[in-house]
*Asks:* 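One structure coming up, written as structure tokens, with questions to follow.
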Amino acid sequence: MLARRDPYQSLGPTAPRRRPPRPDGRTPVGQPSSPGLVGTPRPQDPVAATGPLHPLANGERNQQLRTYDSQVKGSFDKIVEVLKRISALQHEPDFEQKAQTLALDELGFPLPEHILARAWVTQLDMRSLFAWCVFETYKRTSAAFFTNDPLGGPEDPAFDAFFMDCGFHLLDVSPCADGRLAHAISYALRLPFSSVRRRPYAGAMFDVERTVTRWIKTEHRRHREGVPNQAHEDTRYLKVVVYHFSSLDPHHQGCAAHGSDDTLAARSGLNRLHDFRQAVENSFCCGASVTLLLLGLDTDTDAIRIHVPTADGATNLNRWLDAREVYSQTAAMNPEAARAAIGERVRQEAGGGIEEGMVRFISHLLENNISQIDFVRQFHHGAYRDAGHAERFIGVGIGFKEIHLRNLTYFAHMETVEEGAADLDVGIKIFKGLNISRGLPAPVVIRYDFHSSVPGSRERAVRSCERIAAAVHGRYRDLSRQGLLHTLLTVRDGDHHKPPEVLGSSLEPPAEEGH
């Protein structure tokens with residue numbers, strides 16, 4: 001077991017460390033990034049594969065995902081450099097016009113006039129401008145996601161049919177809230193996002209009571225409406241936990257919520273899964289409709305490890321099927337032979353007797369992850385340069401269906417600040433290293449989804465946003481007073497595939513200026 005440590009010890013600026021050898025034995029490219037300035041342009045990752053792709057890898061999809069990732073992150077990463085250029089202009093004639101022209105040309109949106117107008121009286125408020133730019137970039141990214149469907153559209157009937165055929169009727173995944181897992185569904189596991197119920201929590205420590213409530217709603221709908229299938233059909237609710245670890249720097253870049261202790265992260269996730277199943281059994285007599293699955297994700301390479309359950313549903317924390325080993329063992333095979341070999345490995349790992357549906361689903365995850373391993377090999381020389389946190393903003397509340405990119409967002413899933421205080425505190429600690437230590441604010445996007453089919457749902461979501469915003473500014477009052485924390489309030493109708501609605505932000509001009 002790895003030694004316990006202060007989970008926040010490495011969040012501040014640190015001296016560069018030399019990285020351990022890469023998994024493929026080659027010399028690592030560059031040095032690890034200490035928590036850097038959000039928005040600071042990074043050197044372009046060399047776009048060069050380290051060899052031929054695996055026969056099961058989808059190279060075309062890899063390129064599509066790479067393009068989307070680069071475009072979105074690039075739009076955030078250029079903010080600081082553009083603001084530096086604008087700052088240098090603040091004492092020139094026609095400053096406001098020049099600043100707006102530069103912002104429109106480089107960022108694609110105008111800057112707030114009420115902030116620019118004060119530059120001649122006092123120094124330009126760069127903190128507010130930075131937060132404004134992050135929020136505007138988020139809004140544009142979110143709108144483009146729902147308009148352009150960059151990840152392939154909201155529905156995937158083929159996967160839904162496959163999943164049902166495997167013996168499951170709902171896929172509920174709780175990854176860690178760490179931004180390095182924000183892409184776990186659409187990239188690392190290559191699952192259609194609308195077919196997965198995703199709820200991130202710090203340390204993947206999901207709320208058992210709320211998960212039981214969601215299970216009840218799911219089973220009730222099966223009984224009343226036959227959705228997604230009839231209640232008498234022999235399928236189960238699949239609950240998955242995704243913890244994470246670092247293969248290159250395990251003592252420092254593992255899960256902060258578990259002190260970079262991989263064993264503790266896995267054990268805690270499994271215990272939470274067992275608590276969920278026990279709660280169902282205690283309340284409803286039988287847990288036969290619940291199946292559990294524990295996954296680990298290497299945040300350096302995106303390779304997964306799957307703790308394959310045995311025939312009786314037990315999970316061994318000391319045994320797992322490593323996707324990198326599967327990759328190596330099947331790389332020289334043709335696709336059909338590789339798929340057969342993967343299925344056999346899953347059966348062997350389970351020790352025999354495992355249901356064939358679970359074999360097919362786990363094999364599907366491994367095959368999908370092979371594409372992601374090649375994605376990291378193609379575009380990141382086998383391991384990401386940003387080994388640590390490099391999130392661009394904090395997402396607070398319930399929703400964010402459009403966020404599927406690594407190190408873009410730190411999630412704090414919550415209905416009240418009191419209940420989610422631990423998750424939010426972790427996020428603020430992270431941004432003290434990323435932004436606040438360098439004089440820039442922590443941008444917080446607050447989001448609550450609602451259902452327009454339910455009377456009063458939008459109004460309740462609006463009130464939740466306002467209540468959480470007030471609580472966030474109250475909890476971190478000193479940061480808020482210094483302009484080192486700003487919030488954007490949004491709600492979205494979950495009944496429709498459309499962008500969120502912006503309610504306002506802490507950057508709005510004072511009332512007297514708005515008239």
Side-chain angles (χ1 to χ4, degrees), residues 5-17 19 30-43 73 76-87 115 123-135 137-138 176-180 182 202 246 249 251-257 259-260 299 384-396 406-412 421-445 472-488 506-507:
R5 58 183 293 278
D6 180 354
Y8 307 125
Q9 182 177 338
S10 65
L11 294 180
T14 59
R17 297 184 301 272
R19 298 182 76 160
Q31 294 297 320
S33 56
S34 60
L37 184 65
V38 171
T40 299
R42 299 162 301 176
K73 290 181 180 176
F76 283 92
D77 292 348
K78 66 170 63 172
I79 290 174
V80 165
E81 287 305 312
V82 172
L83 291 183
K84 285 181 179 179
R85 293 167 62 186
I86 289 175
S87 178
I115 295 179
Q123 187 175 5
L124 187 61
D125 185 354
M126 300 307 299
R127 291 176 177 175
S128 293
L129 281 183
F130 174 80
W132 175 280
C133 290
V134 171
F135 291 153
T137 303
Y138 159 72
C176 180
D178 189 307
R180 292 171 294 175
S246 167
D249 193 2
H251 297 282
H252 302 92
Q253 297 298 351
C255 183
S260 285
T299 55
Y384 291 105
R385 288 186 176 184
D386 54 345
H389 292 281
E391 292 94 331
R392 278 67 172 178
F393 63 92
I394 299 173
V396 172
R406 181 183 186 275
N407 255 343
L408 182 65
T409 311
Y410 173 86
F411 290 104
D423 284 17
L424 187 56
D425 286 347
V426 170
I428 293 297
K429 287 281 188 178
I430 289 170
F431 272 79
K432 283 184 177 179
L434 291 174
N435 284 22
I436 295 169
S437 63
R438 293 163 173 82
L440 290 178
V444 178
V445 179
V472 167
H473 285 283
R475 185 174 183 84
Y476 310 106
R477 187 173 290 106
D478 289 344
L479 295 179
S480 182
R481 287 174 177 171
Q482 298 174 63
L484 289 172
L485 185 149
H486 282 290
T487 52
L488 176 74
S506 59
L507 295 163

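Reckoned from all heavy atoms, side chains included, excluding hydrogens, waters and symmetry mates.
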*Asks:* Check Arg392 with Asp77, please: is the shortest side-chain N to carboxylate O separation under 4.0 Å?
*Replies:*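 Looking at Asp77 and Arg392, the cut-off is met.
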*Asks:* Go through the structure and list residues passing side chain to side chain donor-acceptor pair (under 3.5 Å) with Arg477, not counting sequence neighbours.
*Replies:*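 Arg477: no side chain to side chain donor-acceptor pair (under 3.5 Å) contacts found.
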*Asks:* Got Leu488 and Val134 here, is their nearest side-chain heavy-atom distance under 4.5 Å?
*Replies:*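 When only atoms from C-beta onward are counted, Val134 and Leu488 do not touch, as no gap falls below 4.5 Å.
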*Asks:* For Lys84, is there an ion pair with Glu81 - N to carboxylate O distance below 4.0 angstrom?
*Replies:*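 So Glu81 pairs with Lys84 through a salt bridge.
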*Asks:* Could you walk me through whether Ile428 and Ile394 pass side-chain contact (heavy atoms from CB on, under 4.5 Å), step by step?
*Replies:* CA-CA 8 Å; Ile428 293 297; Ile394 299 173; 3.9 Å; yes
*Asks:* Can you list the residues that meet the side-chain contact (heavy atoms from CB on, under 4.5 Å) rule with Asp125, with sequence neighbours excluded?
*Replies:*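 Partners of Asp125 by the side-chain contact (heavy atoms from CB on, under 4.5 Å) criterion, ordered by chain and then number, come out as Ile115, Arg127, Ser128.
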*Asks:* Quick one: list whatever passes side chain to side chain donor-acceptor pair (under 3.5 Å) with Thr137, sequence neighbours left out.
*Replies:*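 Partners of Thr137 under the side chain to side chain donor-acceptor pair (under 3.5 Å) test: none.
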*Asks:* Restricting to non-hydrogen atoms, name the atom on Thr299 and the atom on Tyr384 that form the minimum distance, rounded to 0.1 Å.
*Replies:*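 Closest heavy-atom pair between Thr299 and Tyr384: O-CD1, 3.5 Å.
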*Asks:* Restricting to side-chain contact (heavy atoms from CB on, under 4.5 Å), what partner residues turn up for Ala131, sequence neighbours left out?
*Replies:*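 With sequence neighbours excluded, Ala131 shows a side-chain contact (heavy atoms from CB on, under 4.5 Å) to Phe135, Pro441, His486, Leu507, given in chain and number order.
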*Asks:* Identify the two heavy atoms, one from Ala387 and one from Gln253, that lie closest to each other, and give their separation to 0.1 Å.
*Replies:*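 So the minimum-distance heavy-atom pair works out to O-OE1, 3.7 Å.
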*Asks:* Might you point out which heavy atoms bring Ala182 and Thr409 nearest each other, and give the distance in Å?
*Replies:*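 Smallest interatomic distance, heavy atoms only, reads CB-O, 4.2 Å.
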*Asks:* How close do Cys176 and Cys255 get, counting heavy atoms only, and between which atoms?
*Replies:*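 In terms of heavy atoms, the two residues are closest at SG-SG, 3.9 Å.
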*Asks:* Search all heavy atoms of Ala177 against all heavy atoms of Tyr410 and return the closest pair with its distance.
*Replies:*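 Of all heavy-atom pairs spanning Ala177 and Tyr410, the closest is O-CD1, 3.5 Å.
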*Asks:* According to side chain to side chain donor-acceptor pair (under 3.5 Å), who are the partners of Thr487, at least two apart in sequence or on a separate chain?
*Replies:*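 Side chain to side chain donor-acceptor pair (under 3.5 Å) list for Thr487, sorted by chain: His473.
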*Asks:* Of the non-hydrogen atoms in Leu434 and Ala390, which two are nearest, and what is the gap between them?
*Replies:*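 Heavy atoms only, the tightest pair is CD2-CA, 4.0 Å.
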